[in-house]
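Written below as structure tokens is the structure these notes are about.
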Amino acid sequence: DRSKYLKCLVEGLLAYARDADLDFQLNPLKPMVVDALNLARDKTKALLGDQVVQERVTIPDELTLEVCRPRIVQALTNVISNAFVSLDKNEAGAALEIATTPFGTNRILLTVKDTGCGMEPSQVENAKKRFRSLKKEQGGIGLGLPLAIKIVQREHGGRLEIESEIGVGTTVNIELPVQHDTKE
């Protein structure tokens, strides 16, 4: 277990520290979200076991974004994995909803909302910082959310905000441009 944890830590550090060569292309959003949802479900299935999670994805098929697909899928997988982990032991209505809405003239808002355990404001702030995992007992190293923030904000010019309430759940709002800004 210790070597598995260390391997995960090293891989996480490399992923966080690396400035990837980003290939921005026009991609339909819905398949990226479905891929991330499947990856996150596989990543957390040992923890959730047979627990039933009601999942709803409301994204228009025609919605496309100019993004680096592998990086956005990685960011979304990290966010959705956190949502699944928060649903552990919530047998009375575990639900995950992923939806989009237009935001301004050239942006979309992707919302990942769960009915999990929720977090206090100090936990939300800590979750955004490297190595501040709220899931150490499940093998978390505290790089998933910071990496998602890096990918969304620094690499794609978006924003990632978290709203949470203990006993109610968490909503992660990801604002992304529809077209990549090439001025950098």
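Computed from a prediction, not measured in an experiment: that's the story for all the values here.
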Using a 3.5 Å distance criterion without hydrogens, assess whether the side chain of [X] forms a donor-acceptor pair with backbone atoms of [Y].
X: Asn27; Y: Gln25; answer: yes
X: Asn173; Y: Glu161; answer: no
X: Gln153; Y: Leu160; answer: yes
X: Thr64; Y: Leu26; answer: no
X: Thr115; Y: Val168; answer: no

Kindly give the heavy-atom pair with the smallest separation between [X] and [Y], and that separation in Å.
X: Glu175; Y: Val152; value: O-CG1, 4.1 Å
X: Lys128; Y: Leu145; value: N-CD2, 4.2 Å
X: Ala148; Y: Val79; value: CB-CG2, 4.0 Å
X: Ala83; Y: Val112; value: CB-CG1, 4.5 Å
X: Val178; Y: Arg107; value: CG2-N, 3.9 Å

Report the C-alpha distance between Lys113 and Glu97 in whole Å, list the side-chain angles of each, state the deciding distance to 0.1 Å, and finish with yes or no for salt bridge (charged side-chain N to carboxylate O under 4.0 Å, His left out).
CA-CA 5 Å; Lys113 183 177 183 176; Glu97 182 179 344; 5.6 Å; no

Is there side-chain contact between [X] and [Y], with at least one heavy-atom pair below 4.5 Å?
X: Val33; Y: Thr100; value: no
X: Phe84; Y: Gln51; value: no
X: Ile98; Y: Lys30; value: no
X: Asn82; Y: Val172; value: no
X: Asp61; Y: Pro28; value: no
X: Leu29; Y: Leu176; value: no
X: Gln74; Y: Cys68; value: no
X: Val67; Y: Met32; value: yes

[atom2] on [Y] to [atom1] on [X], rounded to 0.5 Å:
X: His156; Y: Glu66; atom1: NE2; atom2: CD; result: 9.5 Å
X: Phe103; Y: Leu110; atom1: CZ; atom2: CG; result: 13.0 Å
X: Gln123; Y: Ile166; atom1: CD; atom2: CD1; result: 5.0 Å
X: Asp23; Y: Arg69; atom1: CG; atom2: CZ; result: 12.5 Å
X: Asn106; Y: Leu65; atom1: CG; atom2: CG; result: 9.5 Å
X: His180; Y: Glu155; atom1: NE2; atom2: CD; result: 10.5 Å

When hydrophobic residues are tied together by side-chain contacts of less than 4.5 Å, even through go-betweens, does [X] share a cluster with [Y]?
X: Ile59; Y: Val53; result: yes
X: Leu109; Y: Ile72; result: no
X: Val34; Y: Ile80; result: no

